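Taking it in order: structure first as structure tokens, then the write-up.
From a predicted model like this one, the values you see are computed outputs, not experimental measurements.
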Amino acid sequence: MAAPAVAAERAAELRAELERHNRAYYVLDAPSIPDAEYDKLFRELQRLESDYPELLTADSPTQRVGGAPLKEFPPRRHGVPMLSLNNAFEAAEVEAFDKRVRDGLETIAAIDYAVEPKFDGLAISLTYENGVFTCGATRGDGVTGEEVTPNLRTLRCIPLRLQGEGWPALIEIRGEVLMFKADFAELNARQRERGDKEFANPRNAAAGSLRQLDSKITASRPLSFLAYGVGAGGDALAVKTHSELMDQLAAWGFPVAVERAVVTGSHGQLEFFAKIGMLRPNLPYDIDGVVYKVNRLDWQARLGFVSRAPRFAIAHKFPAEEALTVVEAIDIQVGRTGALTPVARLAPVFVGGVTVTNATLHNDDELRRKDVRVGDTVIVRRAGDVIPEVVAVVAERRSATAQPFVMPDACPVCGAHVVREPGEAVTRCSGGFSCRAQRIQAILHFAGRRMMDIEGLGERYVERLVEFDYVHGVADLYRLTLADLLEMKLRADERDGCVPETVKAGQVPTRWAENLLDGIAASRRPSLARLLFALGIRHVGESTAKTLADWLGSIERVRRAPASLLAVLPDIGATVALAIADFFAEERNVQAVDDLLSPEVGVAPADEHAPRAELAERLGWSELYAVLGVPRLTPVRARQLAAVIDGATLAAQGVNGAALSGAGIPGEVITALADWLQMRGNRGLLAAVATRRDELLAALPAVTAQDATVAALAGKTFVLTGTLPTLKRDDAKAMIEAAGGKVAGSVSKKTDFVVAGEEAGSKLEKALELGVAVIDEAELLKLLEKGVQ
DNA sequence: GCACCTCGAGTTCC
DNA sequence: CTCGAGGTGC
């Protein structure tokens with residue numbers, strides 16, 4: 001049944017009124033009607049929307065209660081990256097900032113700055129399309145965040161529809177989600193009553209509440225939002241200064257900091273800093289400093305950015321809170337690479353919002369520089385407000401008997417001797433794979449989220465699996481059975497002397513073990529890049545693994561590639577190349593990888609395909625152009641290009657537009673090629689490939705037996721006839737053969753394809769007669785790339 | 001050869 | 001987050 005017009009009208013009215021009261025309550029902090037009255041209107045709207053579902057809109061206040069739980073947060077790429085700010089801690093640094101700004105603007109006049117407190121919360125971006133809130137995301141790494149729209153919808157102080165007018169079709173509002181101190185105290189009291197875990201500080205509470213997959217939970221948490229800027233769509237606004245922009249945001253219905261102001265020069269900045277410092281204990285929310293931004297937006301644009309931070313803004317941070325505590329012990333941790341890291345075990349101390357019990361001392365040099373000894377009283381702070389750091393030792397409190405700490409000369413776990421390479425800061429255990437700690441860490445790395453992503457395989461289980469010898473290498477994970485896991489648990493419980501209630505009662509819980517086995521089984525098909533990263537090759541992290549996967553395409557090629565080949569790939573130099581080649585030269589590693597890939601264990605990359613390497617292996621310049629990944633440079637165009645110019649010349653002389661267009665290469669390809677050469681590193685890459693092409697092609701391993709069976713044209717017979725538009729006959733023959741196909745001289749019923757060009761003669765007739773498929777050059781190239789379906 | 005940037009590795013707490 | 005090391009451009 002369609003909604004009557006009166007219902008639609010009433011719903012719109014209710015939405016507007018409820019949002020108005022919301023705004024009065026949450027943004028202006030001045031309730032406009034009694035709660036009971038609000039509830040009545042709210043329920044009326046809910047009823048209307050459930051009677052006539054078509055009346056339900058995304059911006060309806062009823063949507064603030066949360067919806068169905070999500071499985072995960074989808075990633076969201078920010079239109080304009082969310083940058084971080086540079087930090088200043090001292091007045092001198094603030095003065096230096098002001099000077100840099102004036103130098104940059106070539107003026108000696110005092111600069112006006114928009115200033116405001118720096119909220120201690122989570123940076124968020126809110127997208128409004130035609131004034132309606134459509135998408136909200138966390139900052140993430142600044143480029144890509146997580147979409148948490150349903151959660152943000154539940155925040156009453158985030159307008160679901162912009163008030164007033166003047167907004168562009170698309171605008172992205174930026175600000176901070178945080179929890180007021182009073183709300184935090186109340187929430188914790190509630191958590192305590194219910195026996196739930198309390199949060200350490202408002203920031204953690206806000207982060208934990210926002211990152212709930214179930215938005216109903218977020219809806220029950222007292223989160224607030226404060227806007228401080230705009231992202232995409234900002235340049236469409238009429239405002240000329242940051243302070244005007246903030247006024248505009250307030251007019252649209254966003255809460256903004258009431259403490260914001262405009263000050264002049266570094267003197268004004270420091271005055272504001274001092275004032276906010278005094279107010280800090282009485283502010284309703286936590287702040288960790290103040291932010292100064294050049295007020296004029298055109299000047300902001302002129303100053304621009306240095307790598308990841310704007311040149312027109314800076315965060316002036318309050319000094320990190322410090323506390324005194326006692327070093328109870330200094331332990332040595334052994335990492336995945338065998339690195340020995342001294343860690344100070346501290347008497348628990350509350351600092352910067354959390355209780356700190358450990359602090360890394362990094363390495364031998366650092367330890368000696370600070371001369372931390374067991375029993376010392378030390379000053380601890382949270383560096384960058386996250387990682388605890390021992391700042392200094394309180395010398396006068398040191399006992400006369402305290403001994404300097406010395407790095408052990410044997411690994412505390414396996415007893416192997418330790419080495420410190422000259423010029424390196426870290427001390428390493430030489431035990432390698434025979435060191436239990438390194439094995440445990442290697443397996444933990446393997447199972448990690450960005451590697452094989454084995455759900456449920458945490459530190460506890462890995463430690464036990466290795467300790468009780470159920471798992472020696474990573475491949476053993478895939479051989480575990482339910483019985484193994486239950487037996488292991490039993491042995492672990494016995495050793496720890498704790499027998500769970502359920503076991504005493506005669507039951508054996510198996511759910512966890514089943515889940516773990518599921519998690520392990522589900523990890524058998526990683527992407528090649530993840531698998532390479534998971535292997536834990538030195539110097540091969542996420543990004544290098546991706547480079548290897550992109551360029552070499554199969555694990556076979558990676559493990560057989562000589563260092564000289566690897567070193568030509570982008571961002572891989574001699575050190576990294578050697579580390580990779582060395583890894584695969586080690587018998588133990590080769591066996592471990594073979595084991596992992598064996599049919600019995602069944603791990604295999606899901607995406608082994610090597611468009612670049614396969615082409616490069618069998619072909620010359622034209623494909624090298626194509627494999628380099630220049631936009632718009634299709635294989636056909638690349639072949640045309642190769643006929644005119646080789647890579648060495650291109651790298652040395654750049655793009656000669658006139659010559660190329662004379663050779664029939666389209667303008668868009670020339671532009672794309674020129675752009676590509678302009679980009680960081682591309683010219684160097686081309687030059688490197690150019691000078692060493694023959695060496696590289698010779699070094700690339702031949703197509704393996706396995707590859708041959710999956711080759712694009714395996715077992716197919718081709719006959720060539722006529723003149724092809726861009727390929728020479730011999731080239732085409734070589735390409736087909738390299739892809740596993742055969743080229744015959746005459747057409748028969750065994751022929752699979754006839755490739756016909758200009759002036760094709762009797763062979764074409766014969767093909768038509770026998771009903772053999774006839775294709776042209778373009779279709780052949782497609783087959784070469786995609787294979788015969 | 002130096003300056004700059006990116007990536008890898010280690011670490012903490014919730 | 002921070003440090004150090006490796007890679008690359010100038």
Side-chain angles (χ1 to χ4, degrees), chain A residues 84 87 122 141-143 188 191 196-212 288 305-309 317 320 331-346 348-366 369 380-390 421-428 437-438 441-442 444-445 448 450-451 459 532-533 536-548 566-580 677-688:
Chain A
S84 49
N87 292 327
L122 297 100
D141 63 5
V143 177
N188 257 0
Q191 297 280 107
D196 287 344
K197 210 171 54 182
E198 288 181 60
F199 293 99
N201 54 54
R203 194 184 182 285
N204 283 356
S209 301
L210 191 65
R211 290 190 40 88
Q212 291 291 332
D288 52 6
F305 300 85
V306 231
S307 79
R308 265 205 161 73
K317 296 264 195 96
D331 288 352
I332 297 286
Q333 283 180 3
V334 183
R336 168 167 68 87
T337 61
L340 301 194
T341 310
V343 177
R345 307 290 178 201
L346 307 167
V349 58
F350 192 77
V351 52
V354 294
T355 305
V356 168
T357 54
N358 302 310
T360 176
L361 297 167
H362 298 292
N363 55 51
D364 207 8
D365 290 348
E366 175 85 1
R369 198 154 45 230
V380 175
R381 75 165 168 224
R382 294 221 297 154
D385 273 347
V386 179
I387 313 256
E389 173 190 26
V390 172
E421 297 289 334
E424 277 207 355
V426 289
T427 308
R428 288 200 154 81
Q438 290 190 53
Q441 294 300 321
L444 273 173
H445 173 81
R450 282 139 71 223
M451 304 78 178
E459 195 167 344
L532 288 168
F533 185 19
I537 305 166
R538 274 250 246 156
H539 294 126
V540 177
E542 202 167 15
S543 154
T544 307
K546 202 169 169 317
T547 303
L548 292 171
L566 296 166
V568 169
L569 302 182
D571 299 316
I572 295 178
T575 315
V576 179
L578 262 177
I580 300 166
L677 280 171
Q678 284 289 312
M679 270 165 59
R680 279 173 59 89
N682 284 342
R683 183 176 287 229
L685 173 64
L686 185 55

Inset, instruction - Counting heavy atoms from C-beta on, name the nucleotide in dC14(B), dT12(B), dT11(B) closest to the side chain of Thr341(A). - result: dT11(B)

Legend entry - Phosphate contact (dA5(C) OP1 or OP2) by Thr575(A) side-chain N/O below 4.0 Å: no

Legend entry - Position toward the 5' end of DNA chain B (nearest nucleotide), Ala339(A) or Asn358(A): Ala339(A)

Inset, instruction - May I have the distance from Arg211(A) (atom CZ) to dC14(B) (atom C1'), rounded to whole angstrom? - result: 12 Å

Inset, instruction - Examine distances only and state if a side-chain atom of Gln191(A) and a backbone atom of Lys197(A) form a donor-acceptor pair shorter than 3.5 Å. - result: yes

Legend entry - Interatomic distance, Phe199(A) CZ vs dC13(B) C1' [rounded to whole Å]: 14 Å

Legend entry - Contact under 4.0 Å: Thr544(A) side-chain N or O vs dG8(B) OP1/OP2: yes

Inset, instruction - Report yes if some heavy atom in the side chain of Arg538(A) is under 4.5 Å from a heavy atom in the side chain of Thr337(A); otherwise report no. - result: yes

Legend entry - Interatomic distance, Leu548(A) CG vs dG7(C) C1' [rounded to whole Å]: 15 Å

Inset, instruction - Please state how far atom CD1 in Ile580(A) lies from atom P in dG8(B), giving the value in whole angstrom units. - result: 10 Å

Inset, instruction - State whether Gln333(A) places a side-chain N or O below 4.0 Å from either non-bridging phosphate oxygen (OP1 or OP2) of dT11(B). - result: yes

Legend entry - Between dC1(C) (C1') and His362(A) (NE2): distance, integer Å: 10 Å

Inset, instruction - Report yes if the side chains of Ile572(A) and Leu548(A) come closer than 4.5 Å at any heavy-atom pair, otherwise no. - result: yes

Inset, instruction - Check whether any side-chain N or O of Thr355(A) sits under 4.0 Å from OP1 or OP2 of dC13(B), and answer yes or no. - result: no

Inset, instruction - Looking at every strand, decide which applies to Val343(A) at a 4.0 Å heavy-atom threshold: base, sugar-phosphate, or nothing. - result: sugar-phosphate

Inset, instruction - Starting from C1' on dC13(B), measure out to CD on Glu389(A) and report it in whole angstrom. - result: 16 Å

Legend entry - Side chain proximity check, Val576(A) to Leu566(A), heavy atoms < 4.5 angstrom: no

Legend entry - Whole-Å gap separating C1' (dC7(B)) and CD (Glu542(A)): 10 Å

Inset, instruction - Provide, to the nearest angstrom, the distance between the CG atom belonging to Leu532(A) and the P atom belonging to dG8(B). - result: 12 Å

Legend entry - side chain to side chain contact (heavy atoms under 4.5 Å, CB included) assessment of Val334(A) paired with Leu340(A): CA-CA 5 Å; Val334(A) 183; Leu340(A) 301 194; 3.6 Å; yes

